[in-house]
Amino acid sequence: MPNRLDLPAGFRWGASTAAYQIEGAVEEGGRGPSVWDVFAARPGAVRDGHTGAVACDHYHRWPEDVALMRGLGLDGYRFSIAWPRIQPTGAGPVNPEGLAFYDRLVDALLTAGITPLPTLFHWDLPQALEETGGWLDRDTAYRFAEYTSEVVDRLGDRVPAWITLNEPFVHMVYGYALGIHAPGHALMLDALPAAHHQLLGHGLAAAVLREHGREVLIANNLTPVRPASDDPADVAAAEAYDALHNRLFTDPLLLGRYPDLSAFGIGEDLGGAVRDGDLELIAGPGLDGLGVNYYNPTRIAAPTDPGLPFAEAPIEGVPRTAFGWPVVPDGLRELLTGLRSRYGAALPPITITENGCSVADEPASDGTVLDPDRIAYLAGHLDALAAAVAEAVDVRGYYTWSLLDNYEWAEGFGQRFGLVHVDFETQVRTPKASYAWYRDLIAAHRERSVS
Ligand code: FCB
């Protein structure tokens with residue numbers, strides 16, 4: 001069996017974060033309000049009323065955080081750019097202080113030998129754009145391309161590859177269908193235009209990036225879908241769920257068409273959102289890389305509620321993270337080999353842009369933070385990744401979620417995903433045992449690759 005040390009030479013090791021989850025300083029540097037500031041202030045929206053107003057205070061402590069990355073020996077760092085720092089109202093002139101923040105960060109990363117991999121949209125839409133419809137409004141896609149142009153004009157000379165969107169599926173479902181993330185709409189299937197407009201925004205932004213000769217990726221949350229049994233009703237339900245979660249966001253990018261969503265009563269125009277020429281724009285000349293965020297597989301059974309064509313079924317007999325998510329490392333191999341079978345030559349090289357787990361970590365009395373469950377999670381998933389590579393899936397890198405404990409959206413500070421523990425009262429950073437483990441793995445892999 002291949003293992004993580006067998007990953008190819010040149011394989012890129014990274015860590016990920018996102019702006020609203022770590023930066024804080026929401027009223028500094030000319031930043032405008034985002035949908036997350038407004039949503040988090042709503043009573044009951046986020047566990048314990050937590051907000052990202054301070055988060056990890058990365059806006060002020062970024063030099064320390066870059067030093068932590070350097071200590072790991074990372075090849076790459078995936079972070080996101082806060083649109084409301086660049087355009088406080090989502091349109092019009094840029095805020096020079098906002099751009100300058102990321103400019104300094106990019107230079108510091110390069111000095112540390114770390115390639116920046118920015119995400120242009122990780123859910124923190126300027127609130128002013130929400131007030132004109134957010135991603136339900138087609139115009140937001142055009143605003144996104146304008147914002148992209150401003151950022152790439154400034155940073156593109158030093159940043160070779162860019163991620164347009166983070167997890168358009170999760171943003172559509174949690175933000176627009178169920179209302180458990182910002183902007184908090186509970187539109188159920190009427191949320192589908194938010195999928196199309198995000199993808200259109202991706203297509204328009206990708207064209208801007210290509211004009212600058214930059215590489216284009218998107219980070220999708222993908223899950224292997226397993227039917228609860230081989231009963232045809234369970235199998236049909238699993239297919240419907242797979243179309244909604246996975247194919248809705250990869251078929252248009254890789255095949256230039258939407259999947260069949262007729263099980264949901266949805267036509268090919270996604271509720272009237274799709275116009276002539278949109279799918280050509282979304283697919284463009286192709287992606288330079290597909291970012292895959294993987295956490296767990298999904299088990300699906302025939303529906304119990306008449307409103308949807310599927311029901312989620314529990315995965316039994318496996319460990320669970322502090323979040324309650326099932327731990328199934330081989331699901332990553334299953335996902336990647338499944339993508340290759342489904343898309344064949346249309347599948348671009350893959351980068352794992354997120355993978356990790358939450359653990360209820362607290363420092364021991366001697367100050368150390370031991371997190372054997374995280375180490376086991378990472379080791380298992382990296383071995384599964386090596387198995388997929390041995391089965392000829394082209395995977396170029398792995399960015400663990402996350403560098404730091406941070407603001408976990410609707411869970412507030414209740415879920416810790418970091419290699420580095422953050423005390424949210426004092427902002428003291430303490431590398432966990434998994435930090436040393438990841439550092440040693442990166443060094444051992446590099447040594448093996450050169451010898
Ligand atoms: C993903 C998000 C990321 C983080 C992890 C745990 O869905 O992209 O911001 O919250 O989950």
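Quick note: residue numbers are just sequence positions, from 1. Counting convention: from 1, in listed order, for ligands and their atoms alike.
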Under 6.0 Å between ring centres: does that hold for [X] and [Y]?
X      : Y      : answer
Trp13  : Phe11  : yes
Tyr258 : His196 : yes
Tyr398 : His381 : no

For [X], counting its heavy atoms only, list the atoms of ligand 1 lying under 4.0 Å from any of them.
X      : result
Phe417 : 6 (C)
Asn166 : 8 (O)
Gln21  : 3 (C), 4 (C), 9 (O), 10 (O)
Trp409 : 3 (C), 4 (C), 9 (O), 10 (O)

query: When you look at Asp251 and Tyr343, which way does the side chain to side chain donor-acceptor pair (under 3.5 Å) test go after all the steps?
result: CA-CA 9 Å; Asp251 284 12; Tyr343 296 107; 2.4 Å; yes
For [atom], what's the nearest protein heavy-atom neighbour? Residue, atom name and distance, please.
atom                    : value
atom 2 (C) of ligand 1  : Glu354 OE1, 3.4 Å
atom 10 (O) of ligand 1 : Glu408 OE1, 2.7 Å
atom 5 (C) of ligand 1  : Tyr295 OH, 3.3 Å

Ignoring hydrogens and geometry, is there a side-chain-to-backbone donor-acceptor pair from [X] to [Y] under 3.5 Å?
X      : Y      : result
Asp361 : Asp371 : no
His181 : Val173 : no
Arg416 : Val359 : no

- prompt: Can an N or O of Glu167 be found at a distance shorter than 3.5 Å from an N or O of ligand 1?
  reply: yes
- prompt: Going by distance only, is there an N or O of Asn221 that falls short of 3.5 Å from an N or O of ligand 1?
  reply: no
message: Tell me the contacting part of Val170 for ligand 1: side chain, backbone, both, or neither, using a 4.0 Å heavy-atom threshold, strictly below.
response: neither
Proximity flag His122 to ligand 1, non-hydrogen atoms under 4.0 Å: yes
task: Run the salt-bridge test on Glu97 and Arg31 with the 4.0 Å N-O cut-off and return the result as yes or no.
output: no
